[in-house]
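A short worksheet on the structure shown next.
Lettering follows sequence order; numbering is per chain, from 1.
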Amino acid sequence: MALFLLLDRLSVLVVVIIFAILFVSPSFSSTDIRILKAERRIDLTSSIVRAFHTLQVENIGDSHASEILLAFPPDQAKHMADLQASTSQGKKKKKNYIHLDVNPIDSSQTPNGAKLFSVSLNHNPLKTGETKTLELLVILTHVLEPFPAEISQSESQLVHYRDSAILLSPYPVKEQMTYIKTPSKKVESYSMVNPTNRVGEELRYGSYADSAPYSYTPIIVHFENNHPFAVIEELVRVIEISHWGNIQVKEQYRLLHGGARHKGVFSRLDYQSRQSSSGVSSFKTLLAKLPPRVHSVYYRDDIGNISSSHLRLDSKKSELQIEPRYPLLGGWKTSFVIGYSLPLESSLFEMSDGRHCLKFNFGSPFLETVVDKLTIKVVLPEGSKEPTASVSFPVEQHHETSFSYLDIVGRPTVVLKKENVVPENNTPFQVYYSFSPFFMFVEPLMLVSVFLLFFITVIAYLHTDLSIRKAA
Amino acid sequence: MEVSEDQKKAASKSLQSAFGSAICFLTLLLIGVLAFSIRLFSVIKYESVIHEFDPYFNYRVTQFLIKNGIYDFWNWFDDRTWYPLGRVIGGTVYPGLTLTAGSLWWFLNSLNIPLSVETVCVFTAPIFSANASWATYLMTKEVKGTGAGLAAATFLAMVPSYISRSVAGSYDNEAVAIFALIFTFYLYIKTLNTGSLFYATLNALSYFYMVCSWGGYTFIINLIPMHVLLCIATGRYSSRLYVAYAPLVILGTLLAALVPVVGFNAVLTSEHFASFLVFIIIHVAALVSYVKGILTPQKFKVAMTLVVTIGMAVCVTAVAVLVAAVAASPTKGWSGRSLSLLDPTYASKYIPIIASVSEHQPPTWPSYFMDINVLAFLVPAGIIACFLPLSDASSFMILYIVTSAYFSGVMVRLMLVLAPAACIMSGIAISEIFHVLTRSIKFEKNKSSGNPSSAGDITTVGNSITQSNKRKSEKQSEDHNLKEISYQRPSKKSKRKEKENSETVLRRFKKEKRLLVLPLEVSIISVVLIVLLGGFYVRHCVWAAAEAYSAPSIVLTSRSQDGMHVFDDFREAYSWLSHNTDNEDKIASWWDYGYQTTAMANRTVIVDNNTWNNTHIATVGTAMSSPEKEAWTIFQSLDVKYVLVVFGGLIGYPSDDINKFLWMVRIGGGVFPHIKEADYLRDGQYRIDSQATPTMLNSLMYKLSYYRFIETDGKGIDRVRGTEIGKKYFKLTHFEEVFTTHHWMVRIYKLKSPKNRIRGKLKKAKSTNPTGNGRKTRVNPWH
């Protein structure tokens, strides 16, 4: 039944539907640009899809082109975690890459709702007749769709990857090639768009010549991917700075196995004795790269300490290998907290103008995991002023006040939020603030005075006789 | 000239006394630190976590209180437990512990100290143990003076029996209740000694706190009347006794009735009758003593006979009415637990559910040695010391130790009530022994040097004897110095004390003359031996705290050659349940795991450790003892989705469900007669090997425990029972395994849904599916 269903579906899909949209609205082709050669390498080996596009762009219009448009199907645009563009400059040996800004632009008039992004070339626009090579890195999450969506313990995980054999582009493409890399040779099926080859772990689509703008040829690849689909649904990281010499980090995780859902029986016996064939898509451990010189590391959840973790420390990095309470099969969830402390001087720097600067990594410390929702709270010491944060990519930020040990006015807190965070976002961000050391002594002084007051009260009480009638 | 000399003397004396009280204060502080820190072994060896079963419930209640506030707490109807009945938590818990921890948390958080609820709950018990040892000091001081007080406080700070209930994480009622118990007794004795209405009021409030905290408050409300009765019977009636007792009964009963869980029980149940009876008697005694005061002896005699005849008649009718009323109720107005106290065989005869709890079993002799250790030997000496001389306070202590010794003999759990009494008695004994010995040494020394000295020199002599002796002799000196304080400061507080102390001092001087002085060698050897005994006690207590009582029981450890191995299966299972089952799913398990499941997994359970509904527990017991199909029907009717069993056979964890299974059979059979214990026993023996009865081998519990167990080692050796299992290969038809923890300690099964009837529907659904999918794909242009 399932097989039939699959075939039925595929047959529908394999029919090549070309959306050759003939009328191209003038607003998108104000400059006449065409892509001479497009090469795509799509890496499907993990749960995160990374596509490297190399586009050779030529300006065949009359005026300079200061931006180049990229188009993505709405599905991919929705799941896009990161889009980086760069262009190479200089001779072959002294090539250096220039990072280019990419911004989403209004794409209400595109056919079938394709989403447009513009790569700005403002420093050196593409002159008439010139060609340029653009390198793109597109990172997509949650696009590998498990099929079948539910598997039992003994099955391995198969996923669908949907894309187009032809690069979706607002410009005509003269020649193009697509390479798709699968994690293993086990590919159940793939759409044929001639010419299509399969060599080992690689699928090759193309080359195709002269495709019209907004051409789209859906393809579907059905292959085995037992890579752990670890998805952190929510990560809240609180970084608390104490000028007494410590930075405390607490990270709250909600973890999910985002792959094919487990159905039916879970047999511990099979899981332990037949590890190669049982629960192959599940995962038991995760590896986190923590900053060097961490100490006081803890790993626990709502109901106490989780005793299965290993910490390896050396001078350059700290690796924490954690094991959730139970192995995560498809669709299973868990939550936990990781906390650690860092010496102040490892991440806090003093600027020349007397302000302080905290430098910390943005993304999650886990390798190859997606964070759906990341919140970072930087709790500055009480009495610090003018906090500002700088992050290299757009994030939502606001300020709030949090209260901790014996605070009176509260601690200024910078909150940064970002959705769909991938390991590529694991770059440092900075928080600047000014702080006077006087505030460090407020709380100790407060305690001292309270105790002093207490002792004085006791002394006063002992020296007063409140009895009404004096004893004879 | 003379005046200045006097002033000088007074100044030096007050300095000495200040020094003494400072040392006393410091010692008490250290005792508090000791009491707190000896209970931290569990946190250091394991982790800061709530222990065992009941504490999890208390923890959950505290969380609710903190989250929703006090008014919601009183009205809390918990639908996560006793499904489908639910439980009115606000009206059925003793709220003392919860409110204590809740206010502690609230206080800390208002100072912006961000401690989690769990941390506060974990450390509540150690904090209150420190309080309890201070209360012990106060109480013993009232009975026998400061020295005995400090010794008793030291003993209590580390008595294993109390440690077992108050290690960090053992967040249970008893932790605060023992403090409340001792403090109530202290205030009672204080009132008895002073006759002050202020202390009487405090006493009632402290009693109220005790009622809030623990069901054991009935011990207070029976012991104090007994003591009052004893005092009246031995002709020790005084106005102080009246002040100590009458306000307690009236105020205490009114306050107790405010606690929802007690309510009208405070006047209706038999546990409280003794107090009212004695309340009448004390008034009769008061009247008699008043009449005696205004009449001449002859007239009094006449009046007496008259009153006695009329009074007897009235009393007989009243008692008859009372007996009739009490006899009308099935349990004679007593609760099951109280009855099993009065008649130790009651529970095993009538209520298996009470008998099934291990802490309700009578203790064995070794458990006395384990729990109170050397105190057991010191107690008789303390009792003798209490008779020399017998005062109101010391007679109370004697009564306390005797009754609590009886109760501890009935239920091992009540060893906890015995422990403070034993500590106080031992404190008195140790103090008296040291008093006698150091006095002998001093006397001998003085004789040899030919230098007569005053009583005040005890300190110097004591210090010069031996190093080990030093501590105790300091206490002696403090005792003495405190007395001097009271001489120096004739304020409202010390006025009475002064009188009392001068009496004791006089008495002591008399005694000193009367008692024989021991030879120097004997005294020194005895001192050394006593110190050794104390050392042994300390060693035992530390061992008990570190090894025996600090295990949280939800996480187990074992040591082998390759280091420590942790068995964290319970939390693994609860965590799995909490994250991977639906919020509304119902979990069936034996009642032991009910509290943990609701607290840690946040899922609805059928029965829990509260055991208020025997029938419901019997239903679960019956299901566990029935064959698969019947069990499935029972669970289905209870809307159960998952069944959880605890199985220790793989790693040798002895307190698993197979070992508890006979209780399930018994409790189930108590309500549903078709379950017969005999069917599960082969010739009266409980076994699971090939000799086991077919009923046993087909029971759900057997099947769920041993499902596919044979495949682990090929033989199916159960490491707890040490035998090969009886039935090895079988399939489950109505249950499916959905989760088993790493060491197989917890196995969770899901009830298969009744699918036969909807097979037709399923087919239809399947046939419509593909077309639906197809249409969807066609519509989406990107696929």
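- Residues of residues 735-745 of chain B placed with any heavy atom under 4.5 Å of a heavy atom in chain A are listed by number as E736(B), E737(B), V738(B), F739(B), T740(B), T741(B), H742(B), W744(B).
- Contacts of E572(B) with chain A are made by both backbone and side-chain atoms, with heavy-atom separations under 4.5 Å.
- The backbone N or O of D582(B) sits less than 3.5 Å from a side-chain atom of R603(B), completing a donor-acceptor pair.
- A donor and an acceptor atom, one from each side chain of Q153(A) and S278(A), are located under 3.5 Å apart.
- Your options are P114(B), A573(B), A599(B), and the one with the most heavy-atom pairs under 4.5 Å with chain A is P114(B).
- Contact of D302(A) with chain B is made through the backbone alone, with heavy-atom distances under 4.5 Å.
- Residue with the most contacts toward chain A among R708(B), R747(B), E711(B): R708(B) (heavy-atom pairs, distance under 4.5 Å).
- The aromatic ring centroids of F266(A) and W576(B) lie 6.0 Å or more from each other.
- Using modelled atom types and a 3.5 Å distance limit, the side chains of Q63(B) and Y59(B) yield a donor-acceptor pair.
- With a 4.5 Å cut-off on non-hydrogen atoms, S335(A) touches chain B through its backbone and its side chain both.
- Within a 6.0 Å sphere centred on OH of Y298(A), heavy atoms belonging to other residues, nucleotides or ligands number more than 12.
- In this structure, chain B has no heavy atom under 4.5 Å from any part of S273(A).
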